[in-house]
Amino acid sequence: MEQATFRELIARDVDAKNAEDAIRQVGQKFLNAGFVKDTYIDAVVAREVTYPTGLQLADIAVAMPHTDPQHVNRPGVCIAQLAHPVTFAHMGDPDTLVEAEMLFMMAIKNPDEQVELLQKVLSVFQQPEVVAEFRAATTDDELFAAAQKYIG
């Protein structure tokens with residue numbers, strides 16, 4: 001199978017019923033592109049229950065689901081714009097719920113990269129103009145361009 005590119009890890013208008021459905025749909029992109037093993041999706045779903053990843057930032061709520069490196073073939077980030085907000089438990093306070101508009105699903109081989117990526121996304125999404133640009137993306141190419149510009 002030919003190696004997939006990060007461009008293939010963009011998903012717009014993901015119509016998910018709930019957090020688990022969103023994780024399963026977006027995780028399937030990772031699986032189809034060969035970034036993760038077939039154990040990845042179930043592992044992310046299970047981890048989300050114990051260690052939720054929702055974040056309420058200044059102008060947007062996001063979720064950053066991920067799991068342990070043994071489920072990953074190669075690192076990547078799948079960026080998904082949800083068709084409508086989906087409820088995730090907050091990363092720092094599981095009793096608080098957030099209505100996530102975007103998912104930054106991570107396939108991580110090196111745990112140090114997880115912290116770095118989390119900090120980058122947090123800093124980027126503190127800027128209202130960046131949030132506006134991601135929200136305004138109406139095609140996969142526009143969403144990919146915004147991701148390349150701000151997240152790399």
I'd like to know if the side chain of R12 reaches the main chain of T138, judged simply by a donor and an acceptor atom lying under 3.5 Å from each other, with no hydrogens or angles considered. yes

To the nearest 0.5 Å, what is the distance between CD1 (I41) and CG (L31)? 5.0 Å

Say you draw a straight line from CD of Q127 to CG of L57; how long is it, rounded to the nearest 0.5 Å? 11.5 Å

I'd like to know if L103 and L97 are part of one continuous hydrophobic network [Ile/Leu/Val/Met/Phe/Trp/Tyr, side-chain heavy atoms within less than 4.5 Å]. no

Sidechain-backbone polar pair: D93 side chain, D95 backbone, donor-acceptor under 3.5 Å: yes

Are a donor atom and an acceptor atom from the side chains of Y150 and E133 found within less than 3.5 Å of each other? yes

Heavy atoms, side chains only, cut-off 4.5 Å: are M105 and M64 in contact? no

Do F88 and V86 come close enough that some side-chain heavy atom pair is under 4.5 Å? yes

Let me confirm one number: the CG-CG distance from D140 to L9, rounded to the nearest 0.5 Å. 11.0 Å

What distance separates E142 CD from I10 CD1, expressed to the nearest 0.5 Å? 12.0 Å

Once you round to the nearest 0.5 Å, how far does CD of Q126 lie from CD1 of I60? 11.5 Å

So, does N73 use its side chain to make a donor-acceptor pair with the main chain of G34 at under 3.5 Å? yes

Answer whether the closest heavy-atom distance between the side chains of H66 and T53 falls below 4.5 Å. yes

Side-chain contact, heavy-atom cut-off 4.5 Å: V72 with F35? no

Check P94 against A89 and note the closest heavy-atom contact, atom names and distance. O-CB, 3.6 Å

Donor-acceptor under 3.5 Å (K29 side chain, C78 main chain): no

Would you check if M102 and L82 make a side-chain contact, meaning some heavy-atom pair closer than 4.5 Å? no

Using modelled atom types and a 3.5 Å cut-off, is there a donor and acceptor pairing between side-chain atoms of E48 and backbone atoms of E20? no

Heavy-atom side-chain contact between V14 and Q81 under 4.5 Å: no

How many angstroms lie between atom NE2 of H71 and atom CG of D42, to the nearest 0.5 angstrom? 9.5 Å

How are the rings of F104 and F134 set relative to one another: parallel (under 30°), tilted (30 to 60°) or perpendicular (over 60°)? perpendicular

Under a 4.5 Å cut-off applied to non-hydrogen side-chain atoms, are K109 and R74 in contact? no

Nearest heavy-atom pair of I79 and A147: which atoms, and what distance? CD1-CB, 3.2 Å

